[in-house]
Amino acid sequence: MKALIPAAGMGTRFLPATKAQPKEMLLVVDRPAIQYVVEEGLASGADEVVIINSRDKKSIEEHFTPAPELVAHLRGKGKDALADAVEHAGSLNVSYVYQEEALGLGHAIHCAADACGDEPFFVLLGDVLVPDNEICPKMLEISRAHGGASVIAVLPVPDDQVSRFGIIAGSEIEAGVWKVDGLVEKPKLEDAPSNLSVFGRYLLSPRVMELLADVQPGVGGEIQLTDALDAVLKEEEMYALVISEDDGFDTGTPESWLAANEALFARKRAQAQA
Ligand code: G1P
């Protein structure tokens, strides 16, 4: 099973910091943000992470390429912990496909159709970090309990944020698990069927990938993943795992990126002192 990480976006919210440097490569405590997401995918049962990249963001690929000379240099200086960290980054099982045009999240995901074959797949959006890697394994459990159905993570959001996200309709079938009846991308508050927002962790059936081939541009003129999820509901069941704010760290805006750094740095320091 593959874990897909779309990374072809322009990072406009972080300009000018992202003028020459991909947003995914911004530092979070001790490593680039995307490394957390790659590690999460591999820790969640994916045999390989496929990064959907754009051609001009080569530094992402350089980060995951082995660097034996640097490792040897560090070992020669007795800096083994750093050498291990560099070796680790180069050993993660990552491959790349390219999104040639920025036509939307759904389009980006479909660029990895050949890599996924007819297997279920994870999608992990890089704007949120889940350093304990706990969400995807729970989603897998729910999927297995429901015959391999698609499962998405959802987070309750206040009314003033509803129109920033994909929002689900459905009903709670057990504590923290909803059966999904519909999805709508960035609805107006008055049109929103709930306040449960699609959070950026998806476990999807291969049928979603097939349907993505035919999704027409939707909100913002973009090919939306949310529209393929809504379409698959005519044929298959889908479930949602309700998560809480403590389960993940948003890094999608400069403010939230700073807050995530602070929180994760405090955790790292506490772990070092334990
Ligand atoms: C994307 C999805 C949206 C989801 C959000 C989570 O939107 O289209 O459904 O709620 O990610 O971060 P974007 O943030 O790319 O506009």
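Indexing begins at 1, ligand by ligand and atom by atom, following the structure's order.
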Exercise. Quick one: does Tyr239's side chain get under 4.5 Å of Ser150's, heavy atoms only?
Worked result: no
Exercise. Any side-chain heavy atom of Asp132 sitting closer than 4.5 Å to one from Glu40?
Worked result: no
Anything under 3.5 Å between a donor and an acceptor, one on a side chain of residues 17-28, the other on a protein residue two or more places apart or in another chain? List them.
residue : atom : partner : partner atom : Å
Thr18   : OG1  : Gly11   : O            : 2.8
Thr18   : OG1  : Leu15   : N            : 3.3
Lys23   : NZ   : Asp127  : OD1          : 2.8
Glu24   : OE1  : Lys57   : NZ           : 3.0

Problem set entry | Within-cut-off N or O pair, Phe199 and ligand 1, under 3.5 Å | no
Problem set entry | Min N/O separation Ser197 to ligand 1 under 3.5 Å | no
For this session: Say whether Lys186 and ligand 1 are in contact under the criterion: heavy-atom distance to a ligand atom below 4.0 Å.
Result: yes
Problem set entry | Leu125 to ligand 1, any heavy atom closer than 4.0 Å | yes
If you count the atoms of ligand 1 from 1 in the order shown, which ones are under 4.0 Å from a heavy atom of [X]?
{"X": "Thr226", "answer": "9 (O)"}
{"X": "Gly166", "answer": "3 (C), 4 (C), 9 (O), 10 (O)"}
{"X": "Phe165", "answer": "6 (C), 10 (O)"}

Exercise. Which is it for Gln224 and ligand 1 at heavy atoms under 4.0 Å: side chain, backbone, both or neither?
Worked result: side chain
For this session: Determine whether the side chain, the backbone, both or neither of Asp127 has a heavy atom under 4.0 Å from any heavy atom of ligand 1.
Result: neither
Do the side-chain N and O atoms of [X] and [Y] include a donor-acceptor pair separated by under 3.5 angstrom?
{"X": "Gln99", "Y": "His107", "value": "yes"}
{"X": "His88", "Y": "Glu39", "value": "yes"}
{"X": "Glu237", "Y": "His146", "value": "no"}

For this session: Do me a favour and list the nearest non-hydrogen protein atom to atom 4 (C) of ligand 1 with residue, atom name and distance?
Result: Val198 O, 3.3 Å
Exercise. At what distance is the nearest protein heavy atom to atom 9 (O) of ligand 1, and which residue and atom is it?
Worked result: Glu185 OE1, 2.7 Å
Exercise. Protein heavy atoms: any of them under 4.0 Å from atom 15 (O) of ligand 1?
Worked result: no
Exercise. Do the numbers put Arg201 on top of the ring of Phe122, so that NZ or CZ is under 6.0 Å from the six-membered ring centre and no more than 45° off the axis?
Worked result: no
For this session: Report the residues that fulfil side chain to side chain contact (heavy atoms under 4.5 Å, CB included) with Ala259, sequence neighbours left out, ordered by chain and then residue number.
Result: none
